[in-house]
Amino acid sequence: MEKQELNSFIQQRLENLKWLQEKGIPGFGEKFLRTHWAQQVQDDFNELEGKEVSLSGRLLSKREHGKAMFGDISDQSGSVQLYLRVNSIGEEKFEIFQSLDIGDLIGITGEVFKTRRGEVTINVSCFEIQAKSLRPLPEKWHGLKDVELRYRQRYLDLIVNPEVREIFMRRSRIIASIRRFLDSREFLEVETPILQPIPGGGNARPFVTHHKTLGRDLYLRIALELYLKKLIVGGFDRVYEIGRNFRNEGFSYKHSPEFTMLELYQVNTDYQDMMELTENMISSVSQEVLGSQKIDYQGEEIDLTPPWKRMTMVEVVKEFTGVDFENIDLETAREKAEEKGVRIKTGFSLGEILNEFFEQKVEDNLIQPTFIMDYPVEVSPLAKKIPDNPDFTYRFEGFIGGMEMANAFTELNDPIDQRERFEKQVAQREAGDEEAHMMDEDFIRALEYGMPPTGGLGIGIDRIIMVLTNTRNIREVILFPPMRPEEKE
RNA sequence: GGGCCAUUAGCUCAGUUGGCAGAGCACCUGACUUUUAAUCAGGGUGUCCCAGGUUCGAAUCCUGGAUGGCUCACCA
């Protein structure tokens, strides 16, 4: 038997339940007809004053005053005060309400009024017990702070920390707003496989699972990309998917092993169009959900109003490090890396060194919305090359608050070039790079049927939500972040 | 994976040089018919994360482990 089941708090609550049941009152009751939300009673007081309302929610506090009593009931919308008097509700019901524990779920009906202190209150005339709570809640004043408990028992976090509930309600509104934006532009929402024989579309170590009937291993997807492009080949001109990706990598404040991505593809667009779409989408979502395009993020004002700043990777690296990759040879690049403290691996190409310069010296500084354009071909195996500068691709990433938010390109639609890119990836993989792409013949075959010129965009939904909820850790915007299993005796 | 820090009551946290385990909220008993972190009187409810060790004596010191946080590395 679990030790907590023996502790006196739970004993006391079990006795209160028993007391009720002996009086013939069920401790776990029926559904209840709710007429209003708690917040609605607060907001619409002028209309509701003197009228009867019914609410369903959790009893969060009790203040007993002898033959009268105050309490607070909380539901999804917020909370409102309750008032009970012996000589309006009767001694028997009053005694039963006195026996309730903080945390009990109840349905109440009563008339709306204001106390002399001006607090909107419901004068309870009858109530039902919907579910007894057998465990004590965390403290009302300090809330629940222990990060481990907050994530493991997120329901407690949501009960006692209203600002946490607000983050997740906002998350829902942000995603709904993104869908509205895309739906209004004639994008089709689709669903593609999570279990994949070859995990493609990104550089990452995948999770492996096993299908018993097929007798083979499958991977959890690391990106949505390749299946969505197959749908472009299939004739859907504008598609998007919002879904979970899985990467077998460590945690950080901006990385979680499972995270939510939006990817979209639109025929007859290029990466320039994708930049416009990105800045329009994010600013419009911010306007719709927060009522502004200027937001506070960790003490910095961030202005999401289009157009966002645009720079090439070569330009921005030159600006932040003084190293000009425009006309540089490999040997000089290596020396500059050494000089500037950029860690590189032996055998890195010029493009890979440039990319390291960018990631190690520039990325964290891009606080205001910025598009960095024209990535080296070596690190962009799915993006189209720039014809008059084929060491680079039509690719950009969007940054806000020092974090990568978006990754997009003019999609590579030449199957011969794509095969060569995959072959280079496979060579890297054989040289020990676990994150390099695998050869995906099925994807090449699709391209061989012909994929129209297409722009594609990926957005890290969790990170956008971090920016729009002013949170500094990705786990604050994921309801149940991955944790090690709890140790059991 | 490396470094630093944390883990004490249901929750939030104190705990001095190694000497009886503490506070606030919550909870229990009683008073109180518009309070609001209600108030007043009384009551401490505990595997001090776990396992060893040192010591007359360990929440405190040592070793190992668990979990979490920050950070570096890894991860475009």
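Predicted, not measured: the structure shown is a model, and the values here were computed from it. Excluded from the calculations below are hydrogen atoms, water molecules and symmetry mates; all remaining heavy atoms, backbone and side chain alike, are included. Letters go in sequence order (proteins before strands), and every chain restarts at 1.
- For the 3.5 Å distance criterion, the side chains of A/Asn470 and A/Gln298 qualify, holding a donor opposite an acceptor.
- Across the P atoms, B/C50 and B/G46 are found 15 Å apart, a figure rounded to whole Å.
- Using N1 to N3 plus N6-O4 or O6-N4 for Watson-Crick, or N1-O2 and O6-N3 for G-U wobble, each under 3.5 Å, B/A26 pairs with B/U45.
- One interatomic measurement links the two molecules: CE of A/Met261 to P of B/C75, which rounds to 18 Å at whole-angstrom precision.
- Going from atom CD1 of A/Ile159 over to atom C1' of B/G10 covers 14 Å, rounded to whole Å.
- Using the Watson-Crick or G-U wobble rule with both distances under 3.5 Å, B/U33 pairs with nothing in any strand shown.
- Between the C1' atom of B/G10 and the CG atom of A/Leu134 lies a distance of 14 Å, rounded to the nearest Å.
- Within 6.0 Å of atom NZ in A/Lys254, more than 12 heavy atoms from other residues, nucleotides or ligands are found, so the atom counts as buried in its surroundings.
- In this structure, A/Ile10 atom CD1 and B/C11 atom C1' are separated by 14 Å, rounded to whole Å.
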Mark up nucleotides 33-44 of chain B, 5' to 3', with B wherever a protein heavy atom is under 4.0 angstrom from a base atom, S wherever such an atom reaches only the sugar-phosphate, and - elsewhere. BBBBBB------
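- Scored by the salt bridge (charged side-chain N to carboxylate O under 4.0 Å, His left out) test, A/Glu378 finds no partners at all (sequence neighbours excluded).
- Aromatic ring centres of A/Phe358 and A/Phe399 lie closer together than 6.0 Å.
- Within the 4.0 angstrom heavy-atom criterion, only backbone atoms of the sugar-phosphate kind lie near A/Arg343; the bases stay farther away.
- The base-pairing partner of B/A66, taking Watson-Crick or G-U wobble contacts with both distances under 3.5 Å, is B/U7.
- B/G19 sits 10 Å from B/A59 when the P atoms are compared, rounded to a whole Å.
- With a cut-off of 3.5 Å on both pairing distances, B/A21 has no Watson-Crick or G-U wobble partner at all.
- A distance of about 12 Å separates the P atoms of B/G10 and B/U45, rounded to the whole Å.
- For residues 86-100 of chain A, the set of pairs meeting the salt bridge (charged side-chain N to carboxylate O under 4.0 Å, His left out) definition, not counting sequence neighbours, is empty.
- Ring geometry, A/His437 versus A/Phe422: the interplanar angle falls from 30° to 60°, so the pair is classed tilted.
- For the pair A/Arg395 and A/Tyr375, the cation-pi criterion (under 6.0 Å, within 45° of the ring axis) is fulfilled.
- Enclosure of atom CD in A/Glu338 is not indicated, since only 12 or fewer non-hydrogen atoms of other residues, nucleotides or ligands lie within 6.0 angstrom.
- Rounded to whole Å, atom P of B/C49 lies 17 Å from atom CZ of A/Arg152.
- For B/G1, the paired base is B/C72 (Watson-Crick or G-U wobble, both distances below 3.5 Å).
- The interatomic distance linking A/Asp157 (CG) with B/U12 (C1') rounds to 14 Å, in whole Å.
- By the side-chain contact (heavy atoms from CB on, under 4.5 Å) test, A/Lys67 pairs with A/Val86, sequence neighbours left out.
- A/Thr332 and A/Glu335 share no donor-acceptor pair across their side chains, judged by distance under 3.5 Å alone.
- Of the two residues contacting RNA chain B, namely A/Asn473 and A/Gly201, the nearest-nucleotide position lying further toward the 5' end is that of A/Asn473.
- B/G65 sits 41 Å from B/G44 when the P atoms are compared, rounded to a whole Å.
- Considering only side-chain atoms of A/Arg395, the nucleotide from B/C75, B/C28, B/A76 that sits closest is B/A76.
- Annotation: proximity of residues 354-373 of chain A to RNA chain B (heavy atom, distance under 4.0 Å) is found for A/Glu359, numbered in ascending order.
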Might you list the N or O atoms of the protein lying below 3.5 Å from N or O atoms in nucleotides 13-15 of chain B, with each pair's distance?
none

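- Residue-level contact check: A/Leu156 touches neither bases nor backbone, having no heavy atom under 4.0 Å from any strand.
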Can you list the steps and then say if A/Arg310 with A/Gln272 is a side-chain hydrogen bond (donor to acceptor under 3.5 Å, both in side chains)? CA-CA 10 Å; A/Arg310 287 155 165 77; A/Gln272 296 286 349; 4.6 Å; no
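- Distances shown here put a side-chain N or O of A/Arg484 below 4.0 Å from the OP1 or OP2 atom of B/G68.
- If you take NE2 of A/His255 and P of B/U71, they are 13 Å apart, rounded to a whole angstrom.
- With both ends at atom C1', the span from B/A9 to B/C48 equals 10 Å, rounded to whole Å.
- The aromatic rings of A/Tyr271 and A/Phe396 lie tilted to each other, with the angle between the two planes from 30° to 60°.
- The only option from A/Met275, A/Met311, A/Met313 that meets the side-chain contact (heavy atoms from CB on, under 4.5 Å) definition with A/Met373 turns out to be A/Met275.
- With both ends at atom P, the span from B/U47 to B/C11 equals 12 Å, rounded to whole Å.
- Comparing the P positions of B/A14 and B/U8 gives a spacing of 10 Å, expressed to the nearest Å.
- Between A/Asn16 and A/Lys132, some side-chain heavy-atom pair lies under the 4.5 Å cut-off.
- Whole-Å rounding puts the A/Ile344 CD1 to B/A73 P distance at 16 Å.
- Rounded to a whole angstrom, the distance from the C1' atom of B/C74 to that of B/A58 is 40 Å.
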